[in-house]
2 protein chains.
Amino acid sequence: MTKKEIAPIIIGKLLNIGGMLQKNGNYMLQPFDLNQQQFSILFSIYESGKVNQKSMVNKLVLEKAHVSKVVKKLHGMELIDIKPSDDDKRSSWLIITEKGKKTVKACQKIMYKWNEDWTKDIELSKLQTALESLQVLQSLFNENT
Amino acid sequence: MTKKEIAPIIIGKLLNIGGMLQKNGNYMLQPFDLNQQQFSILFSIYESGKVNQKSMVNKLVLEKAHVSKVVKKLHGMELIDIKPSDDDKRSSWLIITEKGKKTVKACQKIMYKWNEDWTKDIELSKLQTALESLQVLQSLFNENT
DNA sequence: AATAATTAGTTGACAAGGAAACTATATTGT
DNA sequence: ACAATATAGTTTCCTTGTCAACTAATTATT
């Protein structure tokens, strides 16, 4: 197979897998009233301790309008606090609440379980190879978009 | 790294790459008034010569409601013909039009170009490794969802 | 210091995609 | 043959995500 032949197959598979994972994520998070994207934003706040929207837009490469709306939803669900920043009055600090922490942990539990399931029958070395390949692809796409 | 550590990173990367590719696809197809999903449905009709919605729903793993709407749009754009089937009056044959063929080819041209760009600096062997990994992952996820 | 240009975040309008109910036709079981 | 069930596709309603215009605050320019 030539590069020309292989490239579109790789793209096709990545799109297919991405879609499947998103659907599956949404499905698993359903009981928490969150979808995969919303969780990734919540998780990012959880990890950082204290962030503003801008840094999340950069980190997760999302639309700022979208992040703004999700933040509103998460705040409405009392999963995060919003504290006005002193240095820059345009932006606020997003901080996870106790309830938010509990939610993140509960979600993670389900995800860990699922990860155990799908990695059950594959050797670690193959996973490592896959990760390396993904890293290469990711950097190639980052450069060429 | 253990499986437990590596698994969520792989998932994260796949979601990230999938999102990037979708965005990039939408962007490239913009001049044709199509998005990545719509093109994949159009392309599937183009490839098959003659299909009904059901087989596309199966092949591409999409919601039938969604496919129905996209088919309507593609028909409205005169990219496909809809011919009632004789064997089953509930379903119709979807057939690409001349205009549709032209559109597919024009889209492919752009995509080929982009594929050349991002594969320019990577060896074929690495692409092959990546494809193999993706195939493994895809089948794992298919089993575990 | 005053004006212009950026930047953080919000809002509103709109397209995309998913779930469920629905229509019309086909298939199955008795 | 007839009722029950299943299937192909459509429609409706709702949420999500994108784009563009906007507000308010900040930084840069003269």
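Note on naming: letters A, B, ... go to the chains in the order of the sequence lines (proteins, then strands), and numbering restarts at 1 for each one. The figures that follow rest on heavy atoms only: side chains count, while hydrogens, waters and symmetry mates do not.
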side-chain N/O A:Q53 vs C:dT10 OP1/OP2, d < 4.0 Å: yes
Which is it for B:E116 and B:K113 under the salt bridge (Lys or Arg N to Asp or Glu O under 4.0 Å) test, yes or no, and what are the steps along the way? CA-CA 5 Å; B:E116 265 173 33; B:K113 175 89 187 58; 5.6 Å; no
Contact list (N/O, under 3.5 angstrom) for nucleotides 19-24 of chain C vs protein:
unit_1: C:dA19; atom_1: OP2; unit_2: B:E63; atom_2: OE2; d: 2.8

Please table the atom pairs, donor to acceptor, closer than 3.5 Å between any side-chain atom in residues 19-29 of chain A and protein atoms at least two apart or in another chain.
unit_1: A:K23; atom_1: NZ; unit_2: B:V61; atom_2: O; d: 3.0
unit_1: A:N26; atom_1: OD1; unit_2: A:Q36; atom_2: N; d: 2.9
unit_1: A:N26; atom_1: ND2; unit_2: A:Q22; atom_2: O; d: 3.4

State whether A:K73 places a side-chain N or O below 4.0 Å from either non-bridging phosphate oxygen (OP1 or OP2) of D:dT16. yes
Taking any heavy-atom pair under 4.0 Å as a contact, classify B:D33: base, sugar-phosphate, or nothing. nothing
Using only side-chain N and O atoms of A:Q38, determine if any of them is under 4.0 Å from OP1 or OP2 of D:dT16. yes
Just to be sure I understand the rule, does A:N26 reach a base, reach only the sugar-phosphate, or reach nothing, if contact means heavy atoms closer than 4.0 Å? nothing
Contacts under 3.5 angstrom, residues 130-141 of chain B side chains, donor-acceptor by atom type, not counting sequence neighbours:
unit_1: B:S133; atom_1: OG; unit_2: B:T129; atom_2: O; d: 3.4
unit_1: B:Q138; atom_1: OE1; unit_2: A:K13; atom_2: NZ; d: 2.8
unit_1: B:Q138; atom_1: NE2; unit_2: A:N16; atom_2: OD1; d: 2.8
unit_1: B:S139; atom_1: OG; unit_2: B:Q135; atom_2: O; d: 3.4
unit_1: B:S139; atom_1: OG; unit_2: B:V136; atom_2: O; d: 2.8

Scan B:D88 against the nucleic acid and name what it touches under 4.0 Å (heavy atoms): base, sugar-phosphate only, or nothing. sugar-phosphate
Please tell me if B:Q36 has a side-chain N or O lying less than 4.0 Å from either OP1 or OP2 of C:dA16. no
Got a second to check how far A:Q108's CD is from A:N115's CG, nearest 0.5 Å? 10.5 Å
